[in-house]
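This report concerns only the one structure given below.
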Protein chains: 2
Amino acid sequence: MGFEKSITDCNVLHEDIVELVRKDMPEESIFFDLADLYTIFGDSTRVRILWALDIHDMCVCDIAVLLNLTKSAVSHQLRILRQANLVKPRREGKVVFYTLADEHVKAIFEKGMEHIYE
Amino acid sequence: MGFEKSITDCNVLHEDIVELVRKDMPEESIFFDLADLYTIFGDSTRVRILWALDIHDMCVCDIAVLLNLTKSAVSHQLRILRQANLVKPRREGKVVFYTLADEHVKAIFEKGMEHIYE
DNA sequence: ATAACAGTTGAGCAATTGTTCAACTGTTAT
DNA sequence: ATAACAGTTGAACAATTGCTCAACTGTTAT
């Protein structure tokens, strides 16, 4: 088991605190997954799409009109939301409806709103 | 009161749905604020800093050692977290300790984790 | 068949972002 | 004074991101 090269340009000042925190920290990959999820919420277009879908299922054209975007722009964002398992497509003839695929989305919004308005 | 130029390259397909959703949608600036907040959570370094501070207050050097980063990199990220009112600094001599400034942070993490592990 | 339309996709561009580097404060000890 | 060290800051660079444009599917109607 090797040690990774140290990048830091300073020394530990409170070894006890660092060890305490290090013990309780999850492994690094969890933080990447968490950050990846929040990156998706970090765009106002995607947030508006998710918010809209939480009110009612919608097709690409309706979303585009609602948010005043091209259907291409909407489709690109929907692909990102699809890959993150946040929305699910459902084809009906020529039209593709998108549905919110996760009940946690609203809870995440609510916690965010609580921070903003305090 | 004028109408903004339309960008969309398609027409409404379900006017009733669009109107229903439009009625319940908050104004645009709220989505920018929400997205800005999640952008901050959208970086694994910042998430790890916040997680660490939730366990215990820490100074810049300790964070740098814990996460194997330069103190400059840590300081830059702490500035972003400070400006978003997510952490607060407290100077003690040469050392600056940072504290989590918001109880919602943990709740936001928890909701994110719930989505990842389902 | 073929036209019309909803939706998708890849390349490319402008804007944004995280880190590094180097120079700079602020506080403590000699 | 001045050296030492914790921390901050601005410029610069590489990498990423959101949108546009144009070309492409897939389904329905003529």
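Lettering follows sequence order; numbering is per chain, from 1.
- Atom CG in Asp43(B) sits about 18 Å away from atom P in dT16(C), given to the nearest Å.
- Proximity of Phe41(A) to Leu86(A): side-chain heavy atoms (C-beta onward) are separated by under 4.5 Å at one or more points.
- Listed candidates were dA6(C), dA6(D), dG18(D). Nearest to the side chain of Arg46(A) is dG18(D).
- For Lys94(B), the side-chain atoms get nearest to dT27(C) when compared with the rest of dG7(C), dT9(C), dT27(C).
- Under a 3.5 Å cut-off, the side chain of Ser75(A) and the backbone N or O of Lys71(A) do not form any donor-acceptor pair.
- Using a 4.5 Å cut-off on side-chain heavy atoms (C-beta onward), Ile55(B) and Lys23(A) make no contact.
- Between the CG atom of Asp9(B) and the P atom of dA22(D) there is a distance of 12 Å, rounded to whole Å.
- No hydrogens or angles were tested; on distance alone, nothing pairs the side chain of Ser75(B) with the base of dT9(D) as donor and acceptor under 3.5 Å.
- Judged by atom type and distance alone, His76(B) reaches the base of dG10(D) through a side-chain donor-acceptor pair under 3.5 Å.
- Nucleic acid contact class of Tyr98(A) (heavy atoms, under 4.0 Å, all strands): sugar-phosphate only.
- For the OP1/OP2 pair of dC21(D) and a distance below 4.0 Å, the side-chain nitrogens and oxygens of Ser72(A) include no atom meeting the criterion.
- dC21(C) atom P lies 13 Å from atom CG of Leu69(B), rounded to whole Å.
- Between Ile80(A) atom CD1 and dT9(C) atom P there is a gap of 12 Å when expressed in whole angstrom units.
- Trp51(B) is not listed as a side-chain neighbour of Ile49(B), based on a closest heavy-atom distance of 4.5 Å or more.
- Checking dT9(C), dG7(C), dG7(D) against every side-chain atom of Lys71(A), the shortest atom distance belongs to dG7(C).
- One interatomic measurement links the two molecules: CD1 of Ile63(B) to P of dA6(D), which rounds to 14 Å at whole-angstrom precision.
- Counting any heavy atom pair closer than 4.0 Å across all strands shown, Leu78(A) reaches no nucleic acid atom.
- Of the residues near DNA chain C, Gly93(B) and Gln77(B), the one whose nearest nucleotide (by heavy atom distance) lies more toward the 5' end is Gln77(B).
- Minimum atom distance to the side chain of Thr70(B) is reached by dT20(C), of the listed dG7(C), dG18(D), dT20(C).
- Interatomic distance, Leu66(A) CG to Ile17(B) CD1, rounded to the nearest 0.5 Å: 11.5 Å.
- Exactly one of Lys88(A), Arg90(A), Arg82(A) qualifies for a side-chain hydrogen bond (donor to acceptor under 3.5 Å, both in side chains) with Tyr98(A). That residue is Arg82(A).
- Rounded to whole Å, atom P of dT8(C) lies 13 Å from atom CZ of Phe97(A).
- Scanning DNA chain C for stems, defined as runs of 3 or more consecutive Watson-Crick or G-U wobble pairs whose donor-acceptor distances all fall under 3.5 Å, gives the following ranges: C:1-30 with D:1-30.
- Proximity of a side-chain donor or acceptor of Arg46(B) to a complementary backbone N or O of Thr39(B) within less than 3.5 Å is detected.
- The interatomic distance linking Arg48(B) (CZ) with dG18(C) (P) rounds to 14 Å, in whole Å.
- Between Gln83(A) atom CD and dT9(C) atom C1' there is a gap of 12 Å when expressed in whole angstrom units.
- For Asp57(B) (side chain) and Phe97(B) (main-chain N/O), no donor-acceptor pair under 3.5 Å exists by modelled atom type.
- If you check dT27(D), dC19(D), dT8(C) against the side chain of Val96(A), the one that comes closest is dT8(C).
- Of the candidate nucleotides dA6(D), dT8(D), dG18(C), dT8(D) has the atom nearest to the side chain of Val60(B).
- Taking the nucleotide of DNA chain D with the nearest heavy atom to each of Cys10(A) and Ala73(B), the more 5' of the two is matched to Cys10(A).
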